[in-house]
Each structure stands twice: as structure tokens, then as C-alpha cells.
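To start, the structure itself, in C-alpha cells.
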Amino acid sequence: MQRNRAFTLIELLVVIAIIAILAAILFPVFSQAKEAAKKTNSIAQMKQLSASVMMYAGDSDDYLVPATIYSADGNREIWTPKLFPYVKDRGIFRAYGTDAKYAEDWNTRNQQNVGYNGATAVDQTASGCVEGQGDTTGCEGFVNATNFARADEVTKVPLFAVTCWGPLADKYRGYVWSPYNGKASNDPADPRLGLPLISDRDLVKELKNLPPSQLKPIYCIYQKTGKDDGVTPMVFADGHVSTVSAKKVLSFGTGFYFRFR
């Protein structure tokens, strides 16, 4: 009578070891592929946002939609409702693969994580900045609106990027990022090359002792390592979209005009 031979304990252990080795090799590959897919989808979303900005400008005498309008009467308006009619999809206002939400108004400005360049903001209060002022740290808006004509070399002017989002009480302001809170320009003759706060870590959490006006960082959430290797898609003033790493920005390796005013 023929008997079926069972696996020995050693054979089972060898098979388990092989499976464990294969898993250790393949899981990081799958994770990287998943992150790359998220980044690709986020770029596609940003392209739709880019088109909406151009349409808005076409209907508004070439003026950029203001990131915020700080009215003298205390009223506060944010950019998202102004662009929504050109997009008609709330999902475009949150980075792909995240749990962020569309910011409907001033009270929900923290919950979004596609942010807009704060240099476009209009501040009609006594705190409004003026073109070319010396210290722009914490600047939240200018006394006058701006248009595309003021954004010289539009291929180098970032408008939209991924931002940090979270509770309003914890100083998150995800609907906007500030170009004025990072390193000053490494070229004294061209202050436009100054940097925003940018990292692949949550800088709002890390720098929570600063006032909100001095935060508003860019968050490079895709393919992040915690060492600023992560990237964010960016929409530029000429309409094109590309991915940018925090590390390259921090090394002044982009030549972008974050502070175009």
C-alpha cells in the first residue's frame, strides 16, 4: 500500500523562511508603487485646479484669485468657493489618498490640504503688506490684488502645493501656504528666491509654538522619508504641474520665485 509522504518540520521551516524573505523584498516595492500611484493621481487633480485658475483669470481681467481677502470690516473670504464653480468637484481640493476635506469657508480653512500661495492674498486692514517691503515674515496679504503681469517668469512661480491639515485649534491652516516664513533668499539682489517652510514632516506639529501667521508650511507627503526626500505636486503660474522635493527646495536648487511680490 502506497503512503503519502508529509512535509518534515525542517521542510516547512525552509518554506516559511523563503516566504518571509520574499515578503521582505516585495512589500517595500508594493509600498513604493502605491505611493507613486498616489502622486500620479494627485498630479492629475492639480492639473484640473490649474485649468480652473486660468479660467478664473480669463473672467477677471487677468487677476489671480486671492488666497484670502481680509476686509477692513472684519469679513474673511478664502479662495476655494471662488474657484469651485470652475471645478465642480470637491475632491480636487484635497490631496489624493488623504482624509482632508474641502474648505467651504473661513471656519473650515484648516481641514483642506491643497494650499494656495499666500502672496496672492489681499489684506485691507492696517496689517496689509506693501510691494517690496523689507520684512515680510508672517505677511498674510497685500493691500492690493495682483495679476499675472506681476508674476514675472510665470514658469517659476508656484501657486498650489500640498499643505498640512488638522484641527483649527492646533494652528492648521491648510487652505494656504505662506512663501514668507522660511529661509531668506541666498541672493540679496533677488528676495523673490526666499523660501516657504517646507518638509516631508508635519511642521505645524513640530513648530506649534509659533503663531499661525508664521507657519502655513508646504507638506511633501508623497514618498516621504522624514528626511525631506518627499515630494509634492505644484501648480505654477503658467499652468504647468510638476513634482518638487523638499530637499531640493531647501537647498535653493529650484530657482522658483515663491515670493513673487
statement: Minimal heavy-atom distance between Leu168 and Asn110, with the atoms involved, is N-ND2, 3.3 Å
message: Could you check whether Asp229 pairs with Lys227 (Lys NZ or Arg NE/NH1/NH2 to Asp/Glu carboxylate O, under 4.0 Å)?
response: no
message: The criterion is ring pair (Phe, Tyr, Trp, His ring centres under 6.0 Å); which residues satisfy it with Phe84, sequence neighbours excluded?
response: Tyr102
task: Indicate yes or no for a side-chain donor-acceptor contact from Glu206 to the backbone of Arg201 under 3.5 Å, with no hydrogens or angles considered.
output: no
query: Going by heavy atoms in the side chains, are Ile69 and Ile78 under 4.5 Å from each other?
result: no
- prompt: Quick one: does Asp89's side chain have a donor or acceptor within less than 3.5 Å of a partner on Gly91's backbone?
  reply: yes
- line: All heavy atoms of Thr225 vs all of Asp200, minimum pair found to be N-OD2, 2.9 Å
task: Flag yes if Phe160 and Tyr96 sit in one hydrophobic cluster, no otherwise; membership is Ile, Leu, Val, Met, Phe, Trp, Tyr, and two members link when side-chain heavy atoms are under 4.5 Å apart.
output: yes
- request: Check whether the ring centres of Tyr116 and Trp79 lie less than 6.0 Å apart, and answer yes or no.
  value: yes
task: State the OG1-OH distance between Thr146 and Tyr63, to the nearest 0.5 angstrom.
output: 8.0 Å
- request: Examine distances only and state if a side-chain atom of Gln133 and a backbone atom of Asp135 form a donor-acceptor pair shorter than 3.5 Å.
  value: yes
message: Between Gln112 and Lys101, is there a side-chain heavy-atom distance shorter than 4.5 Å?
response: no
Heavy-atom closest pair, residues Ala67 and Gly118: CB-CA, 4.2 Å
message: Looking at Ser185 and Asp187, would you say the former's side chain and the latter's main chain have a donor-acceptor pair under 3.5 Å?
response: yes
- prompt: Ala184 and Phe252: which non-hydrogen atoms are nearest, and at how many Å?
  reply: O-CZ, 3.2 Å
task: Check the pair Asp123 / Thr125 against side chain to side chain donor-acceptor pair (under 3.5 Å), numbers first and verdict last.
output: CA-CA 6 Å; Asp123 189 347; Thr125 71; 2.5 Å; yes
field: Cluster check Leu195, Val244: I/L/V/M/F/W/Y, side chain < 4.5 angstrom
entry: yes
task: Output the distance between atom SG (Cys164) and atom CG (Leu197), rounded to the nearest 0.5 Å.
output: 9.5 Å
message: Quick one about Tyr172 and Asn113 (side-chain donor to acceptor, distance below 3.5 Å, no hydrogens or angles considered), yes or no?
response: no
query: In chain order, what residues pass the side chain to side chain donor-acceptor pair (under 3.5 Å) check against Ser71, with sequence neighbours excluded?
result: none
task: I would like to know whether Ser199 and Asp228 meet side chain to side chain donor-acceptor pair (under 3.5 Å); could you show each step before the answer?
output: CA-CA 5 Å; Ser199 179; Asp228 291 330; 2.6 Å; yes
task: Could you tell me whether a side-chain N or O of Asn181 sits under 3.5 Å from a main-chain N or O of Ser213, the two making a donor and an acceptor?
output: yes
- prompt: Do Arg261 and Phe142 touch side chain to side chain, with heavy atoms closer than 4.5 Å?
  reply: yes
For a quick test of your reading: what N or O donor-acceptor pairs under 3.5 Å do the side chains of residues 47-58 make, sequence neighbours left out?
unit_1: Ser50; atom_1: OG; unit_2: Gly239; atom_2: O; d: 2.6
unit_1: Ser52; atom_1: OG; unit_2: Leu49; atom_2: O; d: 2.6

query: Are Trp177 and Leu250 joined in one hydrophobic group, where the rule is that I, L, V, M, F, W and Y side chains link up if heavy atoms are under 4.5 Å apart?
result: yes
- prompt: Does some side-chain heavy atom of Pro217 sit less than 4.5 Å from a side-chain heavy atom of Ile198?
  reply: no
query: Below 4.5 Å, heavy atoms only, C-beta onward: do Tyr219 and Lys224 meet side chain to side chain?
result: yes
- prompt: In chain order, what residues pass the ring pair (Phe, Tyr, Trp, His ring centres under 6.0 Å) check against Phe256, with sequence neighbours excluded?
  reply: Phe236, Phe258
- request: Could you tell me which residues satisfy side chain to side chain donor-acceptor pair (under 3.5 Å) with Thr163, sequence neighbours excluded, listed by chain and number?
  value: none
query: Any side-chain donor paired with an acceptor under 3.5 Å for Arg192 and Tyr257?
result: yes
- prompt: Atom CG in Leu13, atom CD1 in Ile18: separation rounded to 0.5 Å?
  reply: 11.0 Å
field: Derivation and outcome, side chain to side chain contact (heavy atoms under 4.5 Å, CB included), residues Thr232 and Ile218
entry: CA-CA 8 Å; Thr232 176; Ile218 292 175; 3.9 Å; yes
message: Is any side-chain heavy atom of Val162 closer than 4.5 Å to one of Pro233?
response: yes
Same apolar cluster (I L V M F W Y, side chains within < 4.5 Å links), Ile221/Leu203: no
- prompt: By salt bridge (Lys or Arg N to Asp or Glu O under 4.0 Å), which residues pair with Asp62, not counting sequence neighbours?
  reply: none
- request: Spell out, as yes or no, whether a donor-acceptor pair under 3.5 Å connects the side chain of Arg173 to the backbone of Lys216.
  value: no
- prompt: Can you tell me how far NZ of Lys208 sits from CG of Asp170, rounded to the nearest 0.5 angstrom?
  reply: 8.5 Å
task: Heavy atoms only: give me the nearest Val231-Gln223 pair and the separation to one decimal.
output: CG2-OE1, 3.8 Å
task: Please report the shortest heavy-atom distance between Met46 and Val235, naming the atom on each side.
output: O-CG2, 3.5 Å
query: Nearest 0.5 Å, what's the CG-CZ distance between Asp99 and Arg94?
result: 8.5 Å
- prompt: Can you check whether Ala237's main-chain N or O pairs, donor with acceptor, with Lys156's side chain at less than 3.5 Å?
  reply: no
- request: With rounding to the nearest 0.5 Å, note down the distance linking CG in Asp61 to CZ in Phe148.
  value: 13.0 Å
Non-hydrogen side-chain atoms of Ser251 and Val249 separated by less than 4.5 Å: no
message: Show, in sequence, the C-alpha distance, side-chain angles and deciding distance for Leu159 and Leu64, and conclude whether the side chain to side chain contact (heavy atoms under 4.5 Å, CB included) test is met.
response: CA-CA 10 Å; Leu159 294 180; Leu64 287 158; 4.1 Å; yes
- request: Determine yes or no for a side-chain-to-main-chain donor-acceptor pair under 3.5 angstrom, with Ser245 supplying the side chain and Lys248 the backbone.
  value: yes
task: Indicate if Tyr175 and Val204 have the same hydrophobic cluster label, given that clusters are the connected sets of ILVMFWY residues with side-chain heavy-atom separations under 4.5 angstrom.
output: no
task: Please examine the side chains of Asp105 and Arg76, heavy atoms only from C-beta on, and report whether any two atoms are closer than 4.5 Å.
output: no
